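Please read all numbers here as calculations on a predicted model, not as lab measurements.
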Amino acid sequence: MTEVRVRFPPSPTGYLHIGGARTAIYNWLFARKHGGKLVLRIEDTDAERSTQESIQGILDGLEWLGVTWDEGPYFQSEYAAEHMAAAQRLLADGNAYKCFCSKEELEAKREAAAAAKGDYRYDGVCRKLSPEQVREKEAQGLPYVIRFKVPQEPGKVGFDDQVYGRVERAHEDIEDFVIVRSNGMPLYLLCNVVDDIRDRISHVIRGQDGLSNTPRQILLYRALGAELPIFAHMPLTLDLNKAKISKRSHGEIVSVQFYREQGFLPWALANFLVLLGWSTSDDREIFSREELIEAFSFDGITRSNSIFNYRKDDAFSFDGITRSNSIFNYRKDDPKFFTDPKAININAHYLRTLPIEEIGALVKVEFQKEGLWDSAYDGEKKQWFLKNLDMTRERFHTLKDFASLGRAWFADDFAMDETALAKNVLKHPGLKEWLPMLAERFDALPELSHDETERVCREFAEELGVKVGVLVNGARAVITGQVKGPSMFEVFAQISKQRVVTRLKGATQYFE
RNA sequence: GUCCCCAUCGUCUAGCCCGGUCCAGGACACCGGCCUUUCACGCCGGCGACACGAGUUCAAAUCUCGUUGGGGACGCCA
């Protein structure tokens, strides 16, 4: 069996979006599974739109996701001579010809055809030019493009797609397409094929939007005398209006970078993305890297496009019509659903199940950005730091939450949740006295342990004739700023005694 | 407009190739319950789909045809 070689060829005209990322992941999985190589090739021939920043963004995004490549990045622009040589060869072999039709002429014909409700396909006037006529036009200095000669005899081009099955296209439905611009620059269709041949790509795994290009590319492979790769097209990821996701029209919500910034764990995003269009027949949805590589195959790829159910605000406008967004049945005002709920769920799953050291490393990066990091968290306070994370992570959804909802665990400048204040503090005026009194009792203890604090709380509640919950929930509010959280007795024992006492005493401030 | 692809719960999907085991299974979300000092986790339960119409057949989500709907490609972009 020949070596498996796949490639991911992004064009650096924007950030890495989730559709592209998914394709990259599929390629990567396939390569890993078959002990093959993943080639990264930057298709930067569109110099006007390509940017260095975009290239860096794509590389960063892939790295962050854990998609590692074995060769490259190669830059398509560096192979221009090779692309041109291929075009010349096609010309010399009689597989292509020079076309002197001007853009204006073609445009006019296209419009005429549209007006007559017909479809337009290049009529091949230049294909019929005699060598003399060609020489004559060249002598006049007329600009020309190079077109590929599509076979005219009845027949079709076909291939067996690994996902879509047999796909065929009649010769007559393919026009003599342009392969080199009038400025001498070869076009994508040709470059792509030439590069794939040179890179010895064995499997072309790409989005379904490449499906209808494939017959033309196959014609090129044949004319170039190269062996065909195996094609596998992936269904597309659509937006809420069922349009192809693109960086231009959707903005940050579809960019990988956005998820990174919002506190996603890289593998959680990858795991979610892989599920958009692929599944196993059993009910598994959570996969480690190894498990996914093992489980992945084209058999599990669906043929229908999937919708990326990212969050949109209540009403959205499309075609100039504003309509309410009825496809959501989750609480739109719940800030935790800032994107596809399933993505959030998978992220939360990893957040609470990954080894705590791994979470610690990721939170460290967050804290450094937030100015919350203390180098002692890597030293003598490491266990305390990790314990904090372990106690709180169960109800968090992203890495961001540790610095926001979990802020009180690490700093004193935390925010007080309004519901917590109203429901668990102000509702019981007695707490203004009770909480400081509880502080006194805690302060008298040599150290705050789970059992001791529980005993003290229960005794005190009994003396006061109130439910222990009143004391405990009030304490939770003033100590953590939250309505919810882990068992308070564990919290007392975990957050320092000094902080517990100070915050309980400070409860009076909320009643003023 | 032309060519191609697709069509199962709100979303992601299993089942379809090899009709009966499917009055269609799972996940997320939503609702209810249990657990609990709170919330979360977990567990239990609920809501919820075979686009439509013909045909073939004893039997169709599964096969065939048509309709409708959606998507993609049709560029001197990649």
Could you identify the nucleotide paired to [N], looking across every strand shown and requiring Watson-Crick or G-U wobble geometry with both distances under 3.5 Å?
N       : value
rG1(B)  : rC74(B)
rG55(B) : rC63(B)
rC22(B) : none
rG69(B) : rC6(B)

Using a 4.0 Å heavy-atom cut-off across all strands, classify [X] as base, sugar-phosphate, or nothing.
X       : result
R166(A) : nothing
T13(A)  : nothing
K244(A) : sugar-phosphate
N213(A) : base
N473(A) : base
K103(A) : base
G207(A) : nothing
P215(A) : nothing
R303(A) : sugar-phosphate
L189(A) : nothing
E285(A) : base
S182(A) : base
Q482(A) : nothing
V483(A) : base

Pick the [atom1] atom in [N] and in [M], then give their distance to the nearest Å.
N       : M       : atom1 : result
rC3(B)  : rG46(B) : C1'   : 47 Å
rA54(B) : rC74(B) : P     : 39 Å
rU67(B) : rG1(B)  : P     : 14 Å
rU21(B) : rC63(B) : P     : 15 Å

On RNA chain B, does the nearest nucleotide to A170(A) precede the nearest nucleotide to I301(A) from the 5' side, or the other way round? Give the residue. A170(A)
Identify, between S306(A) and H349(A), the residue whose nearest nucleotide on RNA chain B lies closer to the 5' end. S306(A)
Can you find a donor-acceptor pair, distance only, under 3.5 Å between S487(A) side chain and rU37(B) base? yes
Donor-acceptor pair present, K484(A) side chain and rA40(B) base, under 3.5 Å: no
Mind telling me whether F308(A) and Y259(A) have parallel, tilted or perpendicular rings, with 30° and 60° as the class edges? perpendicular
Would you please classify the geometry between the Y79(A) ring and the Y74(A) ring as parallel, tilted or perpendicular, with 30° and 60° separating the classes? perpendicular
Counting only side-chain N and O atoms of [X], is one of them less than 4.0 Å from OP1 or OP2 of [N]?
X       : N       : result
N345(A) : rA29(B) : yes
R110(A) : rG75(B) : yes
S281(A) : rG15(B) : yes
R395(A) : rU38(B) : no
R393(A) : rA40(B) : no

Residues K103(A) and E105(A) bridged, charged N to O under 4.0 Å: no
Protein-nucleotide distance (D161(A), atom CG; rG72(B), atom P), rounded to Å: 18 Å
Mind calculating the distance between CD (Q208(A)) and C1' (rC4(B)) to the nearest angstrom? 9 Å
Does any donor atom in the side chain of D451(A) or S449(A) lie under 3.5 Å from an acceptor atom in the other side chain? no
Begin from the C-alpha positions of L29(A) and L292(A) and carry the test side-chain contact (heavy atoms from CB on, under 4.5 Å) through to its verdict. CA-CA 8 Å; L29(A) 285 170; L292(A) 192 57; 3.8 Å; yes
Answer yes or no: is there a side-chain heavy-atom contact under 4.5 Å between L265(A) and I359(A)? yes
OG1 of T398(A) to CZ of F338(A), rounded to nearest 0.5 Å, is 6.0 Å
Give the intermediate values and the outcome of side chain to side chain donor-acceptor pair (under 3.5 Å) for residues D176(A) and Y97(A). CA-CA 9 Å; D176(A) 285 351; Y97(A) 60 93; 2.6 Å; yes
Selection from rA73(B), rA78(B), rU37(B) that lies nearest to any side-chain heavy atom of L187(A): rA78(B)
